[in-house]
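Below, chain A is the first sequence line, B the second, and so on; all start at residue 1.
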Amino acid sequence: MAFDQLIAAGTVAKVIAAWVGNVAGGSGYGFRRAYEQGQPRRIVMEDHSNFTVGLGLKAAAMGLPYLPTFTGLGGDIVRGHHRIRPIEDPFGGPSLLAVGAIKPDVAIVHVQRADASGNAHLWGNLGLTVEAAYAARRTIVVCEEIVPDEVIRSDPNRTMIPGFLVTAVVEEPGGALPSSVQGYWRRDFETFLAYHGLSKTAEGYQSWLKQWVLDLPDRPAYLRHMGDAAVERLRVIDRRLAAAANFAP
Amino acid sequence: MIATYTRRELMVVAAAREIRDGEVVFVGMRLPLLGFGLAKATHAPTAVGLFENGVIRDRPAEAFIYTMGDPPNIVGAIACLGLNDVMSLLQQGRVDVGFIGGAEIDPHGNLNTTRTSGSGSLVRLPGSGGGGDIASLAGRTVLIMEHEPRRFRERVDYITSPGHFPGRRRGGPATLITTLGVFDLSRGQVRAVSLHPGVTAAQVRQATGFAITVDDSVPPTTPPSMDELAYIRRADPEGFWTGERRKSE
C-alpha cells in the first residue's frame, strides 16, 4: 500500500518490486493507473520475485556484484531482465541466474527499540528488514522506544542492525501504522480496506491525499486525526514476554 | 447429516487434503493459510509450515489472521527468520509442497499474476510476490484459481510462475483447485479428478478456455466433514476468506 500511495502522488519514477498491491484487496489502483495509463505520470517497472529482491539486497549487503540462484528459470520475470542474467556454474553444475546487487540510496526501517547510537533490537516479522539496512548507503532506524544502551547490551543476539550502519535514529511510536509491530501495534486492517476503496478512482485518491497528508502539518496532527479511540484500539497492551537468556560469563 | 457449506470452504478442505502428514509446506496467502491449519488439526499433525516473511510454524495461529505478517502468526511460531532464510530452504529442496494463486493459467500450469491484455485493454496485476519462487523451487505445487473462461487461456500473456517446461529441475504443478473442481496437472495436461457437488462436466468445459480432460463419470469432490467445517469456522469466524461474498479485485 505504501508503494501505491507514493506512486499515485506522482512522486515515483521507477519501481523495483516483487508485488505492488493492497494486502486487503489485491489490486493497487494507483499503481495500475500509473502503469496502464501513465497517470499521474508514467513509471518504469522492474519486476522481481520475492527471492530475487532478497538476493539483490543480500548481494549488496555482502558487498558482492551478484548472487547466483535457480529461482525464476522457465518464467518471464528473468527473460531479458537487465539485473538478472544467465551464468554458468564455474564448478560444472547446471546453468543458473545471477541477480545483480540492489543498493538503495536510503533504507527506512521500523524496529521495536534502539539505543541513541542506532543499535537496534527487532523481533517478529523480519522479511527483508535486515538486508535492506545492510545494503543501503544510508539507513534510518525508526523505533518505538529509544532505550539505554544497557538494554541493547543485555541481549546482543537480538541486535539485528549495529549502530555504526545507522545514519539517524528516530523515536516515533506507531510510525509503522497501519502495519503491525509485534508487541506494540496491531494491524490497522480497516485503514487498508478504506484506502483500497477510496483509491479506486483518481479523485478518491486525491481526497485521501488531502485528508491524510496535505492537510496534516506534522505527526501529532496525524495521530489527532486518527483519534484517540482508534489509536488505543490498535495499541497492544498485553504482555507475552520471551524467557530470559542467561549471558553470564 | 449433510452440512451446508460455501464453495470456498470446500476449496480450503481440498487444499488441506493436498498436505500429507510430516511434509514441509510453503504456505501461501488467503485460502492456504486456512488449509494449512485445517490439515494440521486433522490428518497432518506433524506438517511444518514456512511463510515467505520468514516465519516457521508447526501449529496454526491461535487467532484470525489477514496476512502471514499479522502478530498472531508470530505468537507460538517455532522460528522467525528472514525472507532469504526460508527461500534458501525452498531452493535447497527442503519444501515438499507449496501453494500459489493466479489470475490466469494455461494448460501447462503457467500462472500469470503480472499483466494481461486478455480482456482487450492492458491490466496490471500485483506481480509475483513469492509465487514465482514457489513455482520454481518447491517439490510440487498446488494452484488455486477462480474458474472462469477469461482466466483459463490457451496462452497466458506473461509467465509469472512457471508450470511444466522441458529442463525443469524439480517439481512443477501437481494439483489445481478451482471454484468448480479439483484437477491433476502432474502429467503436463489438465485432467479433472473431482467436480464440486452440483458442477457438471459441460460447465467445466465452458469455463475453460483450452482443452481439458473431463466427463460426467468424474466423481464429486468429497464435501467437508462436520469437524472440518467446525475448524474453518473457528479460524475464520466472520467468513472473511470463506464466506459467500466475493472479494473485489
Side-chain angles (χ1 to χ4, degrees), chain A residues 17-28 31-37 45 47-55 57-58 67 69-79 94 123-131 160 179-187 189 192 196-197 200 236 240, chain B residues 29 51-55 65-75 77 80-85 87-88 90-91 103 110-115 121-137 156-170 247-249:
Chain A
W19 197 89
V20 182
N22 183 311
V23 290
S27 273
F31 172 53
R32 284 190 54 184
R33 280 190 293 276
Y35 185 94
E36 295 167 11
Q37 304 155 26
M45 183 68 197
D47 270 295
H48 281 265
S49 67
N50 280 350
F51 198 18
T52 63
V53 172
L55 289 166
L57 288 172
K58 184 78 183 177
L67 279 171
T69 185
F70 290 117
T71 201
L73 291 165
D76 283 339
I77 294 175
V78 303
R79 202 180 305 278
W123 58 91
N125 189 12
L126 297 181
L128 289 169
T129 308
V130 177
E131 283 84 350
M160 301 288 187
S179 292
S180 58
V181 178
Q182 199 73 29
Y184 290 82
W185 299 97
R186 296 184 188 85
R187 177 185 294 281
F189 195 73
F192 282 87
H196 193 241
K200 266 184 188 146
V236 173
R240 186 137 172 175
Chain B
M29 294 287 283
F51 296 78
E52 65 203 8
N53 58 348
V55 172
I65 50 176
Y66 294 106
T67 84
M68 60 182 72
D70 284 352
N73 205 40
I74 307 295
V75 174
C80 289
L81 310 173
L83 181 143
N84 280 328
D85 300 307
M87 287 295 179
S88 298
L90 179 67
Q91 181 164 254
N110 291 311
L111 293 180
N112 178 12
T113 55
T114 302
R115 59 177 148 80
S121 54
L122 174 67
V123 174
R124 174 66 209 203
L125 304 162
S128 162
D133 305 310
I134 298 168
S136 294
L137 302 170
V156 291
D157 289 355
Y158 188 100
I159 300 174
T160 314
S161 299
H164 292 286
F165 63 90
R168 180 180 250 292
R169 287 180 74 239
R170 80 163 80 97
K247 292 184 53 61
S248 60
E249 288 298 334

Participant: Considering only heavy atoms and a distance below 4.5 Å, find which of B:Gly163, B:Gly130, B:Pro166, B:Pro72 pairs most often with chain A.
Facilitator: B:Gly130

Participant: Contact between B:Leu122 and A:Tyr35 at the side-chain level, heavy atoms closer than 4.5 Å - yes or no?
Facilitator: yes

Participant: We want to know whether A:Thr69 and B:Gln91 form a side-chain donor-acceptor pair, criterion being a heavy-atom distance below 3.5 angstrom.
Facilitator: yes

Participant: Please state whether the side chain, the backbone, both or neither of A:Phe31 comes within less than 4.5 Å of a heavy atom of chain B.
Facilitator: side chain

Participant: If we define contacts as heavy-atom pairs under 4.5 Å, which of B:Gly129, B:Ser136, B:Gly132 has the most with chain A?
Facilitator: B:Gly129

Participant: Considering only heavy atoms, which portion of B:Leu137 lies under 4.5 Å from any heavy atom of chain A: side chain, backbone, both, or neither?
Facilitator: side chain

Participant: Under a 4.5 Å heavy-atom cutoff, which of A:Gly54, A:Gly21, A:Ala17, A:Gly197 has the most pairs with chain B?
Facilitator: A:Gly54

Participant: Under a 4.5 Å heavy-atom cut-off, does chain B meet the side chain of A:Glu131, its backbone, both or neither?
Facilitator: side chain

Participant: List the steps, then state whether side chain to side chain contact (heavy atoms under 4.5 Å, CB included) holds for B:Tyr158 with A:Asp47.
Facilitator: CA-CA 12 Å; B:Tyr158 188 100; A:Asp47 270 295; 4.2 Å; yes

Participant: Got a donor-acceptor contact below 3.5 angstrom from the B:Asn53 side chain to the A:Asn125 backbone?
Facilitator: no

Participant: Pick whichever of B:Thr160, B:Val123, B:Leu90 has the most heavy-atom pairs under 4.5 Å with chain A.
Facilitator: B:Val123

Participant: Can a side-chain donor-acceptor contact be found between A:Asn50 and B:Asp133 if the only test is distance below 3.5 angstrom?
Facilitator: no

Participant: If you count heavy-atom pairs under 4.5 Å between each of A:Lys58, A:Glu36, A:Arg240 and chain B, which one has the most?
Facilitator: A:Glu36

Participant: Chain A heavy atoms under 4.5 Å from B:Arg168: which part of the residue, side chain, backbone, both or neither?
Facilitator: neither

Participant: Please walk me through it: do B:Ile74 and A:Trp123 pass side chain to side chain contact (heavy atoms under 4.5 Å, CB included)?
Facilitator: CA-CA 9 Å; B:Ile74 307 295; A:Trp123 58 91; over 6 Å; no

Participant: Which pair of non-hydrogen atoms, one from B:Pro162 and one from A:Leu73, has the smallest distance, and what is that distance?
Facilitator: CG-O, 3.5 Å

Participant: So which of B:Ser128, B:Gly54, B:Gly69 has the largest heavy-atom pair count under 4.5 angstrom toward chain A?
Facilitator: B:Ser128

Participant: Please state whether the side chain, the backbone, both or neither of B:Leu81 comes within less than 4.5 Å of a heavy atom of chain A.
Facilitator: backbone

Participant: Mind listing the closest non-hydrogen atom pair of A:Met45 and B:Arg124 along with its distance?
Facilitator: CG-NH1, 3.8 Å

Participant: If I compare all heavy atoms of A:Ser180 with all of B:Asp70, which pair ends up nearest, and what's the gap?
Facilitator: OG-CA, 4.4 Å

Participant: Dump the intermediate steps for side chain to side chain contact (heavy atoms under 4.5 Å, CB included) on A:Asp76 and B:Thr114, then the final yes or no.
Facilitator: CA-CA 10 Å; A:Asp76 283 339; B:Thr114 302; over 6 Å; no

Participant: Below 4.5 Å, heavy atoms only, C-beta onward: do A:Val236 and B:Pro71 meet side chain to side chain?
Facilitator: no

Participant: Which heavy atom of A:Arg187 sits nearest a heavy atom of B:Thr67, and at what distance?
Facilitator: NH2-OG1, 3.1 Å

Participant: Which heavy atom of A:Gly26 sits nearest to which heavy atom of B:Pro126, and what is that distance?
Facilitator: O-CG, 3.8 Å

Participant: Is the NZ or CZ atom of B:Arg169 positioned over A:Phe70's six-membered ring, under 6.0 angstrom from the centre and within 45° of the axis?
Facilitator: yes

